[in-house]
2 protein chains.
Amino acid sequence: MGDLEFKHAVETTLKVIGGKWKLVILCHLLDGVKRFSELKRSMPNITQKMLTQQLRELEQDGLVHRQVYSQVPPKVEYSLTEYGKSIKEVLDVLNGWGRRHRVRMKLQK
Amino acid sequence: MGDLEFKHAVETTLKVIGGKWKLVILCHLLDGVKRFSELKRSMPNITQKMLTQQLRELEQDGLVHRQVYSQVPPKVEYSLTEYGKSIKEVLDVLNGWGRRHRVRMKLQK
DNA sequence: CTGTATCCAAAGAGATACTG
DNA sequence: CAGTATCTCTTTGGATACAG
């Protein structure tokens with residue numbers, strides 16, 4: 001377990017999904033293709049800057065596809081790549097553990 | 001997927017293992033019981049403050065057990081609780097995805 | 001509509017000194 | 001040995017204004 005590769009790999013994954021909003025964005029995109037404004041609407045508390053920033057990072061990591069339609073007014077659609085969909089397996093495990101943890105922590109109170 | 005519970009659960013897990021050093025600490029403890037000074041030695045770049053802080057958080061989350069021996073000089077041993085060991089399943093999945101991701105990102109360069 | 005640029009606040013982490 | 005306290009620095013995220 002003291003394995004360096006192990007730690008690097010885990011850190012890599014945490015970095016990809018670790019941004020404050022990435023998880024929420026990924027959840028929305030798992031439901032299907034979304035326009036920028038749609039995403040913004042479904043996340044009332046995110047700023048445009050953060051939405052753009054986090055989407056760019058997800059795009060650079062190959063999880064998200066950005067489809068630009070050159071028209072006025074502009075239209076941009078975001079969707080998960082096939083690769084991006086593979087993150088679901090990870091989220092499912094985190095969800096499972098987190099659910100049990102929350103139950104446990106509540107019982108202790 | 002837009003499920004609120006899902007997001008909360010995932011965020012919970014990320015918070016538990018998300019600290020900069022928690023992952024490394026958990027890896028070391030997966031190898032067995034360790035004294036404070038042992039942990040410190042095996043992580044040359046961590047400060048005492050951070051090591052203490054992160055251990056306290058892991059303890060409060062129930063993953064780590066802190067055994068104090070009242071003697072001079074003091075001796076404190078840290079170990080994973082049975083519950084703490086359950087995090088390994090999560091780390092394994094993160095490791096698997098991260099490994100594939102790193103390969104993928106390198107190939108793209 | 002979909003961004004970019006700039007400035008500012010908050011949180012996380014590090015350095016250092018001190019203590020039972 | 002195993003911490004605590006304090007100060008500083010860096011990173012991250014938010015507010016606001018502006019642009020193609």
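All values reported here derive from a predicted model rather than from experimental measurement. Each chain gets a letter, A, B and so on, in the order its sequence line appears, and its residues count up from 1.
- In this structure, B:Leu51 atom CG and D:dA5 atom P are separated by 17 Å, rounded to whole Å.
- Distance, A:Lys34 NZ to C:dC1 C1': 18 Å, rounded to whole Å.
- In terms of hydrophobic clustering, with Ile, Leu, Val, Met, Phe, Trp and Tyr side chains grouped at heavy-atom distances under 4.5 Å, B:Phe36 and B:Val68 are assigned to a common cluster.
- Partner B:Tyr78 forms a side-chain hydrogen bond (donor to acceptor under 3.5 Å, both in side chains) with one of B:His65, B:Arg66, B:His28, B:Glu59 and no other, that one being B:Arg66.
- Under a 4.0 Å N-O distance rule, the pair A:Arg102/B:Glu5 qualifies as a salt bridge.
- Under the 4.0 Å criterion applied to side-chain N and carboxylate O atoms, A:Asp3 and A:Lys7 are not assigned as salt-bridge partners.
- Considering only side-chain N and O atoms, A:Arg35 lies under 4.0 angstrom from the phosphate OP1 or OP2 of C:dT2.
- With respect to the salt-bridge test (charged N to carboxylate O, under 4.0 angstrom), the residues A:Glu82 and A:Lys85 qualify.
- Note: NZ (A:Lys75) to P (C:dT2) measures 9 Å, nearest angstrom.
- Rounded to an integer number of Å, the gap from B:Leu55 CG to D:dC1 C1' is 14 Å.
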**Prompt:** What one-letter contact string describes nucleotides 4-20 of chain C from 5' to 3', where B marks a base within less than 4.0 Å of any protein heavy atom, S marks contact via sugar-phosphate atoms alone, and - marks no contact?
**Reply:** S-B------BBB----B
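- The aromatic rings of B:His101 and A:Tyr83 lie parallel to each other, with less than 30° between the two planes, well short of the 60° mark.
- A close approach under 4.0 Å does occur between a side-chain nitrogen or oxygen of B:Tyr78 and OP1 or OP2 of D:dG3.
- Rounded to 10 degrees, the angle between the two end axes of the helix from C:dC1-D:dG20 to C:dG20-D:dC1 is 40°, with five pairs used at each end.
- Distance CG/B:Leu94 to CD/A:Glu11: 11.0 Å, rounded to 0.5 Å.
- Rounding to the nearest 0.5 Å gives a distance of 4.5 Å between CG of A:Leu55 and CD1 of A:Ile25.
- In this entry the distance linking CD of A:Gln71 with P of C:dG3 reads 13 Å, nearest Å.
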